[in-house]
Amino acid sequence: MNLQRLYIFLIALVIFTSCEDIIEIDLNTANPKVVIEGDISNISSAQTIRVSRTVAFTATINSEPIDNASVQVRDQSGRNYVFSYVGNGNYQNNNFMPTANNTYNLTVAIDDELFEASSRMYDYVDIDSIGLVEENLFGTDYYFINLKFTDPINQANYYKYNLSVNGKPFQFSTVFNDKFNDGLNVTHQITNANNDLALGDSVIIRRQIIDQNVYKYWSDLQSINPGSAAPANPKSNISNGALGYFSVSSAKEFGLTIFGL
Amino acid sequence: MTKYFLVAYFFLISAATYSQEKIILSGFVKDAGSGESLIGALIQQEGTNNATSSNSYGFFSLTLTNPNAKVSFSFIGYETQVQDLKLTKNSRITVELKAKSNEIDEVVITGNQKNGNVTSPQMGRVNFTMEEIANVPVVFGEKDILKTIQLLPGVASGGEGTSNFYVRGGGSDQNLILLDEATVYNAAHLLGFFSTFNSDAIKDVTLYKGGIPAQYGGRISSVLDISMLDGNNKEFGVEGGLGLIASRLKVEGPIVKDKSSFMLSGRRTYADLFLKLSNDEKVNSSKLYFYDLNAKANYKFNDRNTLYVSGYFGKDDLSYSDLFSFDWGNATATARWNHIVNDKLFSNTSLIYSDFSYNVNVNSDDTDFTIASKIRNFNFKEDFAYYATPVSTFRFGLNVLHQKISPASIDSGDDSNVNSISVDSRQGLEAAAYISHDWKPLPRLGVIYGLRLTNFSVLGPGTFYQFDQDGEVRDQNNYGSEIVKNYLYLEPRLSLSYQISDQSSVKTSFNRIVQNLHQLTNTTSSLPTDQYVVSSENIKPQIADQVAIGYFRNFANNTYEFSMEAYYKSMHNQIDFRNGADLQANAYLEGELLYGIGRSYGLEWYFKKQRGRLTGWLSYTLAKSERQFDQINEGEWFNARQDRTHDISLVGIYDLSKKWTLGATFVYNTGNAVTFPSGKYVVDGRTTYYYTERNGYRMPDYHRLDLSATYDRKLKNKKFSSSWTFGVYNAYFRKNAYIIDFRESEDNPNVTEAYKVALFGIIPSVTWNFRF
């Protein structure tokens with residue numbers, strides 16, 4: 001549905017002799033910013049929230065853990081879940097099973113700074129089938145995982161997919177809304193971020209039903225491409241200028257192996 | 001307002017009838033070989049400063065101070081003709097000038113026409129004919145006016161190989177591009193690598209980047225006024241070319257000799273023919289091409305009435321198997337009636353239509369839908385030129401433009417897994433009236449002053465929304481077929497020149513221009529799918545005020561032209577987007593927009609060698625262009641993307657022999673302002689970039705050398721002639737960065753690297769042109 005991405009993809013057709021080089025760019029280093037990554041779901045009752053800081057572009061780590069934060073989530077009936085530090089910026093609570101149709105509030109305190117966010121958990125939307133498709137585009141085989149389901153009518157639904165390939169950590173894949181297909185039989189076509197699923201790969205897909213603000217965050221992030229006129233930080237649902245997001249979702253995981261078709 | 005114009009009109013007509021003591025010479029200046037009217041030819045009473053120039057239909061009117069005057073007619077590249085006239089009454093003549101034979105050691109005829117750049121009060125204007133740019137090398141060997149104007153001072157290229165351009169720091173949607181008076185909405189083919197203007201069909205190009213005269217309005221940064229050829233009214237001719245990318249064919253000739261002629265010109269690319277070679281069924285049934293058709297015909301009823309009809313149609317077609325197709329294109333049609341009311345009053349009435357549309361078809365297993373979008377306008381123009389005295393010309397007229405935008409709507413099949421969505425169309429009516437006076441109160445002092453009154457009416461029917469600070473809908477109103485909102489603006493225009501000597505002058509100008517059509521682009525290159533919007537309750541008209549001063553100096557009998565101009569432009573109601581704005585089929589689109597201001601200023605140097613074996617120019621622009629939006633960059637001023645501190649172009653054309661002509665172009669410019677990250681972090685296992693300042697970084701400097709060589713093969717006493725043009729684009733293989741992006745290193749995902757993509761290596765080209 002994203003025409004611009006399709007169009008940019010088609011540019012590849014007319015590039016005759018394009019070439020790619022690694023270059024050195026002198027980038028400024030901004031003051032470190034707090035990053036909060038809170039992805040809570042009902043897949044298990046063990047939940048992790050990561051708190052870190054941004055690092056210089058040239059750093060050989062991709063973030064700097066914060067170990068002195070106080071992290072809590074409160075549900076709408078007032079029940080409080082305290083997260084305790086387990087290392088590498090991760091805070092854990094092993095006895096927190098969220099339930100749908102609840103709003104959860106996050107507070108993270110670091111020194112004397114306070115960051116807050118809230119997220120609503122919605123009912124899970126079951127899928128009808130999951131399958132594999134192989135498409136040959138300009139001579140290369142690409143594999144996609146197709147999830148078919150019926151979108152609940154007359155309500156805005158937002159879907160997020162993360163993928164783990166061959167036992168590696170889950171990575172963001174894509175988000176969808178139902179702006180163009182509310183209430184219809186919908187197929188979501190999923191691949192990993194690098195679009196390089198190969199024969200024999202063992203894949204776990206995590207499908208999450210997210211709220212609008214979380215969708216907005218990921219939609220902003222996935223719309224940044226080299227053709228963007230002005231890339232910017234995605235709009236976070238966390239207060240006080242923190243980067244990252246806080247999401248509580250209904251989720252399910254599916255495993256499959258890429259096989260020849 | 002119309003009342004005043006009628007009064008002015010009758011005043012001028014009566015003034016015309018009372019000033020009969022002096023003899024008025026009027027008529028047309030044409031090419032002797034083809035009968036094409038010559039635009040901007042100089043008509044001068046010998047031994048005096050009494051002179052005028054022909055208008056865009058070749059018409060002139062000159063009041064003689066002496067009935068036994070000698071009058072000279074001259075035009076660059078043509079032999080000057082002097083007529084010894086003994087007139088007893090007002091007379092109308094048609095003068096046919098002969099093109100100079102193309103000999104390199106000819107004696108150059110000097111005349112006043114060569115210093116028009118010094119004597120005219122007009123500044124910020126560049127005019128050229130297709131012959132002048134024929135030998136400027138360009139990518140793929142296709143001569144292209146939009147790429148040639150990018151080599152002028154104050155005009156910046158929109159990017160590698162693209163026909164997009166920016167004038168004096170303005171946006172690419174702030175250029176009014178006219179083809180025979182019809183607005184061309186999208187002047188790019190094939191991702192911008194080609195412009196929609198087939199140079200075979202073009203006669204004359206004029207670019208105004210400042211001091212824009214009152215007869216133009218609607219875009220705040222520039223006017224590019226392109227005229228199509230009328231067609232040879234003396235004999236039939238065929239002209240064409242075969243290139244690596246495209247082929248062209250033009251046919252022209254008389255319908256009724258000396259009275260009526262036609263011109264028909266077509267061009268098509270054949271990159272898609274290579275796709276046919278593929279073994280892959282999906283690839284060899286894919287399409288990737290564009291074509292253009294230009295057509296024009298005219299009929300001269302009598303000395304006083306001529307009718308012109310012209311049109312353009314072009315389309316790009318891109319498809320992948322039968323799964324996906326995407327086509328887009330412009331169409332224009334212009335009907336014009338030239339009427340000579342009397343020896344001093346010339347009128348032109350135009351009826352104009354133009355549109356731009358695109359269509360997307362997706363047709364896979366269970367997804368089938370069509371997206372269609374269109375913008376179109378009907379335009380009525382009535383223009384008068386009144387040649388009151390040799391030192392005073394009035395221009396006035398009316399213009400009524402109705403524009404309708406049908407934004408992208410989705411139409412899907414019954415069992416498609418996509419819903420149909422339709423978004424309200426929007427309509428606007430722009431009515432404008434102008435008057436402009438071109439006056440030389442003193443021999444050394446020239447002035448063009450004018451006023452344009454523009455009223456823009458936002459028209460229903462439709463649902464219009466109001467938004468709060470965060471872009472959420474606050475209120476909505478349904479309107480029927482009525483006026484929703486009116487915007488009335490007065491646009492003063494002024495150009496002033498003082499001639500220091502025959503060879504030098506100083507000039508200054510001011511213009512205010514209002515723009516009611518806006519293109520929403522959130523990518524670095526403008527795409528055919530970019531949404532257009534008209535001014536509304538939320539979107540205020542864009543306004544630009546520009547002041548400029550300049551010094552103009554010619555040397556060595558006008559062989560060399562030099563000019564220096566400084567400008568300052570302030571822009572209001574500029575448009576940008578909220579982060580992650582949703583611009584697709586969005587009824588609440590206006591809630592995604594942000595409004596701010598802009599300013600740009602700069603210095604432009606232009607040094608041109610007009611004649612001799614070596615011709616060409618050097619242009620240098622030192623400039624700044626900035627924007628300020630309360631919600632962007634914490635409200636601080638930031639560089640516009642097209643802000644380029646230095647921009648240099650060097651063009652040289654050398655006549656090596658009677659057969660060989662060499663051309664070279666060198667360009668250098670500071671890289672675009674871009675947003676790069678100032679840090680990184682990780683979310684969901686993915687390295688993510690932290691951005692701080694908008695457009696706070698620069699792309700690397702851009703430079704490139706292009707070369708061309710043309711071999712002209714003329715056979716004696718044969719009508720058939722042909723030429724070969726060989727070109728090399730990017731001759732020293734500079735890998736200019738087209739895109740800079742960032743990624744995790746393959747060796748260590750914690751390490752991040754920057755990489756650049758260069759679009760073109762060395763691109764050779766060869767084109768064979770013929771004519772008979």
Side-chain angles (χ1 to χ4, degrees), chain A residues 3-4 7 10-11 13-25 27-30 32-33 35 37 39 52 54-57 60-63 136 138-139 162 169-172 180-182 184-187 193 216 219-221 223 226-235 243-245, chain B residues 190-191 193 271 280 282-283 288 318 360 366 371 410 417-419 421 521-525 527 529 579-580 584 641 675-692 694-695 697 735 737-741 748-761 763:
Chain A
L3 280 178
Q4 274 158 5
Y7 194 80
L10 285 161
I11 286 179
L13 265 179
V14 290
I15 296 175
F16 300 93
T17 55
S18 75
C19 57
E20 214 178 272
D21 291 299
I22 305 288
I23 51 166
E24 289 293 319
I25 295 185
L27 296 172
N28 302 329
T29 300
K33 274 275 218 195
V35 182
E37 199 186 345
D39 190 1
S52 61
T54 60
V55 294
F57 188 83
T60 52
I61 48 169
N62 57 22
S63 63
N136 187 291
F138 308 111
N162 280 20
F170 275 93
Q171 278 200 324
F172 172 70
F180 297 107
N181 47 27
D182 180 37
L184 298 182
N185 291 318
V186 176
T187 303
K216 180 102 179 77
S219 164
D220 279 8
L221 201 57
S223 71
S228 303
N233 303 316
K235 192 178 174 193
L243 301 169
Y245 71 102
Chain B
L190 202 73
L191 317 161
F193 296 137
D280 186 328
K282 281 181 180 162
V283 174
L288 173 69
L318 219 159
V360 178
D366 44 8
I371 301 174
I410 299 171
N417 60 13
V418 171
N419 285 322
I421 292 186
T521 306
N522 66 348
T523 50
T524 49
S525 52
L527 303 177
T529 52
N579 282 345
Q584 289 170 11
R641 208 176 64 78
T675 308
F676 285 154
S678 296
K680 63 179 179 181
Y681 56 103
V682 70
V683 275
D684 281 24
R686 190 161 122 163
T687 301
T688 306
Y689 306 110
Y690 173 45
Y691 298 97
T692 50
R694 167 79 71 105
N695 291 348
Y697 290 92
K735 290 183 187 170
Y738 184 66
I739 283 170
I740 287 182
D741 201 13
N748 178 358
N750 288 333
V751 173
T752 314
E753 62 192 18
Y755 67 98
K756 71 169 180 185
V757 177
L759 199 51
F760 295 132
I763 300 186

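The chains referred to below are lettered A, B, ... by the order of the sequence lines, with proteins before strands, and numbering in each begins at 1. Below, each value reflects all heavy atoms present in this structure, side chains not excepted, and no hydrogens, waters or symmetry copies.
- The aromatic rings of A:F57 and B:Y689 sit tilted relative to each other, their planes meeting at an angle between 30° and 60°.
- Neither the backbone nor the side chain of A:S219 comes within contact range of chain B, judged by heavy atoms closer than 4.5 Å.
- For A:P231, the parts lying near chain B are the backbone and the side chain together; criterion is any non-hydrogen pair under 4.5 Å.
- Looking at A:P234, only its side chain comes within 4.5 Å of chain B, counting heavy atoms on both sides.
- Here the NZ atom belonging to B:K680 is positioned 8.0 Å from the CD1 atom belonging to A:I61, to the nearest 0.5 angstrom.
- Rounded to the nearest 0.5 angstrom, B:L318 CG and B:L288 CG are separated by 5.0 Å.
- At a 4.5 Å heavy-atom cutoff, the contact between B:Y697 and chain A is made by side-chain atoms alone.
- With a 4.5 angstrom heavy-atom cutoff, A:V35 touches chain B only via side-chain atoms.
- Using a 4.5 Å cut-off between heavy atoms, A:D21 contacts chain B through both its backbone and its side chain.
- Atom CG of A:N28 and atom CD1 of A:I25 lie 11.5 Å apart (nearest 0.5 Å).
- In this structure, A:T54 OG1 and B:Y690 OH are separated by 6.0 Å, a value rounded to the nearest 0.5 Å.
- Judged by distance alone, the side chains of B:Y681 and A:N233 never bring a donor and an acceptor atom under 3.5 Å apart.
- Separating the CG atom in A:L221 from the OG1 atom in B:T688 is a distance of 5.0 Å, to the nearest 0.5 Å.
- Residue contact with chain B, scored on non-hydrogen atoms closer than 4.5 Å, involves the side chain of A:D39 exclusively.
- Residue with the most contacts toward chain B among A:N181, A:L243, A:N62: A:N62 (heavy-atom pairs, distance under 4.5 Å).
- B:D741 contributes atom CG, which lies 9.0 Å from atom CZ of B:F676 (distance to the nearest 0.5 angstrom).
- Residues A:T60 and B:V751 are in side-chain contact: their nearest non-hydrogen atoms beyond the backbone lie under 4.5 Å apart.
- Heavy atoms closer than 4.5 Å to chain B are found in both the backbone and the side chain of A:F172.
- For a residue to count as touching a neighbouring chain, one of its non-hydrogen atoms must lie under 4.5 Å from one of that chain's; by this rule B:K756 touches chain A with backbone and side chain alike.
- Contact annotation for B:T687: only side-chain heavy atoms (C-beta onward) come within less than 4.5 Å of a heavy atom of chain A.
- Contact count versus chain A (heavy atoms, under 4.5 Å) is highest, among B:A737, B:A754, B:G685, B:P677, for B:A754.
- Interface remark: A:A232 contributes backbone and side-chain atoms alike to the contact with chain B (heavy atom separation under 4.5 Å).
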